[in-house]
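Report on one structure; see the data block that follows.
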Amino acid sequence: MAQIKKSADTNVHQLNPTGSAIGDTMVKIAVLVKQVPDTNSKIQISGDRVDLSSVKMVMSPFDEFAVENALLHKEAAGGTVTAITVGGNSADKVLKDAKAIGVDEIVRLDCTEYMDSNAFQKVISEVISQDGYEVVYCGKSSADTGSGSTGPGVAEKLGWASVSNVTDIEFTDGLTVTAPVEGGDAIINVSTPVVVSCDKGSIKVRKPNVKGIMMAKRAQVEVKSVSPNTSSVTIVSQSMPAEKPAGKKFEGGQSAETVVQLLRNEANII
Amino acid sequence: MTETVIIAEMHKGKVSPTTNELVGAANLLGSNCTLIVPCTDSSVADEASNISGVTKVIAAKSSLFTNYDAAAWAQALDSVAPQGIVVTSASAQSKDLAARIAARRDISVVQDVISIDGNTLSTPIYSGKAIENVSINGDVVVSIRPNVFAGADNDGSCEVQVIDASGDLSTAVKELVERASTRLDVSEANIIISGGRGMGSPDNFSHLEVIADTLGAAVGASRAAVDTWAEIPHSMQVGQTGKTVNPNLYIAVGISGAIQHLAGMRSSKYIVAINKDADAPIFQYADYGIVSTWEEALPVLGNALSNMLS
Ligand SMILES: Cc1cc2nc3c(=O)[nH]c(=O)nc-3n(C[C@H](O)[C@H](O)[C@H](O)COP(=O)(O)OP(=O)(O)OC[C@H]3O[C@@H](n4cnc5c(N)ncnc54)[C@H](O)[C@@H]3O)c2cc1C
């Protein structure tokens, strides 16, 4: 059978006989990515702030699953994927990493100031609504703050549904996602618009190929300026955690008996 | 003084003991503490009325509290909760809810708080490799890491008001898949025994299960174990890309103590490590270290525990 060939760079909607546009179901997908220190890196303090000047920065691990899910969504439903980050020039790398594995557009919201969660979510949600995205993917939490506030917070600001800690997704009519609940997993139907915060699941994150890396190099980052509100939560200081006193170490399996005694008499926990 | 509003932590439809810790923390943040109990049956809220330090209990009653729906829960709880500093647990679900309630009220959220000193809150950053101290100004939502704050006693009494809460569901649970094992999940347990690659094979996890059953513990795993053996599901993984846990006792068996594993368990109250390599990094974090193969140590541990607990 003859296949209708569509040139890759024509994005024109063709009309079918009934007059509706083919491609109306194309989904506009955004994925939020963040640059964080490589999880292997040692965190150091200089003065009263963490000093990241000599630390290797990478895409936050859960964001990798978010990018993969966004790409799978596009492959299943058709559409475009835009990776969005917030930061200065140096954050472009995380966008290029996303570009190298297949996102269509890359956008940086230009801001290097500290923002509390409310200011941050407002900046993100404004762009999501102005640019007409219908689905937003993000990691369930970032490896630096560990908060996990962005997905649900942005959804609330947009008045959208959100599902979090999602391990698996079926791209049906709307989405069918798997997320943990007390005692097991829930399989949940949700329709768009929706924010999906991704956990590690059974999917494997694709690796960039040479072509992807070359394309990413040439790709233009669209830089948007933002004007965040004043934060009501401010950072006072950052410090190293209190050192734990050295523990007791015993040789040989028989010492497990002693440890059980200590757990009862010294630690009082069993 | 500042008003505080606590969203009770629920477990199997009842108010969980973690709620006492939330009250303990809330009393450091302000006074006049209202405790909101999300429930389908308002009688469960009665138990919470004796937590000391609580001024008033509101049973937020609605059938929507059967299954978690972030948007609907936030809407329903926001509508019954007075203004003030909102306090939740830092469990995975409650952090999600905390973020939604904060965004709904146009205020910020500070997650995973481990200490409170006046208006200064401390939270772990970089998976506990550092601590951030933030100052709050006005109302915020604060999630409290379990097993850190002293729990309030149960010798108070206060009024319970029942309010019918409502919200618009945005998700539909199609199916609930119960965990095959009756054992607790690592995110729910107060004691966890985890195995790593050093267990040698997934079958050997049965030795951990025996001890878990004696202790009422959950069984966890390192990523190397999860990635190597299909029988060990990701839901058991503790660490950077697994679950963050803060149990009273964490027993690491055949786990080297990689920085990404520590990221998920270093804030456990007590850590026991069993490893044959005396130089394994896990020993630097262990309160009690046993340098031994698990083959030798686990039977002794199992016997000693069952003798003590029987
Ligand atoms: C981005 C990223 C995210 C990651 N996320 C996680 C995560 O969430 N969780 C996680 O755990 N890891 C994570 N890792 C992987 C982590 O770096 C380690 O590879 C992993 O934790 C190692 O697991 P392990 O300790 O079981 O295995 P190994 O490091 O191989 O250690 C096995 C240990 O068992 C001991 N042993 C061997 N035989 C015996 C015996 N018979 N008796 C007693 N002891 C024995 C050995 O001495 C050794 O110390 C992540 C890595 C990256 C890069």
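Per chain, numbering begins at 1; letters A, B, ... match sequence-line order.
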Which region of [X], side chain (C-beta onward) or backbone (N, CA, C, O), has a non-hydrogen atom less than 4.5 Å from a non-hydrogen atom of chain A, or is it both or neither?
X       : value
P124(B) : backbone
D185(B) : neither
E188(B) : side chain
A130(B) : both
L97(B)  : neither
V109(B) : both
K276(B) : neither
R183(B) : neither
Q237(B) : side chain
V272(B) : side chain
L309(B) : side chain
N190(B) : neither
Y288(B) : both
Q260(B) : side chain

Heavy-atom pairs under 4.5 Å with chain B - which of [options] has more of them than the others?
options                           : answer
A256(A), G183(A), S41(A), P245(A) : G183(A)
S202(A), S117(A), A161(A)         : S117(A)
S147(A), G153(A), G247(A)         : S147(A)
G174(A), S164(A), S191(A)         : S164(A)
P180(A), A155(A), P61(A)          : A155(A)
A186(A), P241(A), P37(A)          : P241(A)

Answer with side chain, backbone, both or neither: which region of [X] has an atom nearer than 4.5 Å to a non-hydrogen atom of chain B?
X       : result
L52(A)  : side chain
N229(A) : neither
K244(A) : side chain
D185(A) : both
S142(A) : neither
V50(A)  : side chain
V177(A) : neither
E182(A) : both

T293(B) vs E296(B), side-chain contact (heavy atoms from CB on, under 4.5 Å): CA-CA, chis, key distance, verdict: CA-CA 5 Å; T293(B) 62; E296(B) 249 184 82; 3.5 Å; yes
Pair N119(B)-N137(B), side-chain donor/acceptor within less than 3.5 Å: no
Pair Q111(B)-S149(A), side-chain donor/acceptor within less than 3.5 Å: yes
Residue among Q75(B), R266(B), H11(B) with most heavy-atom pairs under 4.5 Å to chain A: H11(B)
Test: D78(B) and R100(B) ion pair at under 4.0 Å: no
Worked verdict on Q35(A) versus K93(A) for side-chain contact (heavy atoms from CB on, under 4.5 Å): CA-CA 8 Å; Q35(A) 206 172 35; K93(A) 184 178 173 289; 3.7 Å; yes
Aromatic ring pairing H73(A)/Y137(A), orientation class (parallel under 30°, perpendicular over 60°, tilted between): perpendicular
Side chain D69(B), main chain A72(B), donor-acceptor under 3.5 Å: yes
Test side-chain hydrogen bond (donor to acceptor under 3.5 Å, both in side chains) applied to S239(A) and S237(A), step by step: CA-CA 7 Å; S239(A) 54; S237(A) 63; 5.3 Å; no
Residue pair S91(B), E9(B): steps toward the side-chain hydrogen bond (donor to acceptor under 3.5 Å, both in side chains) verdict: CA-CA 9 Å; S91(B) 64; E9(B) 185 71 357; 2.8 Å; yes
Intermediate values then yes/no, side-chain contact (heavy atoms from CB on, under 4.5 Å), V67(A) and M59(A): CA-CA 10 Å; V67(A) 174; M59(A) 186 185 294; 4.0 Å; yes
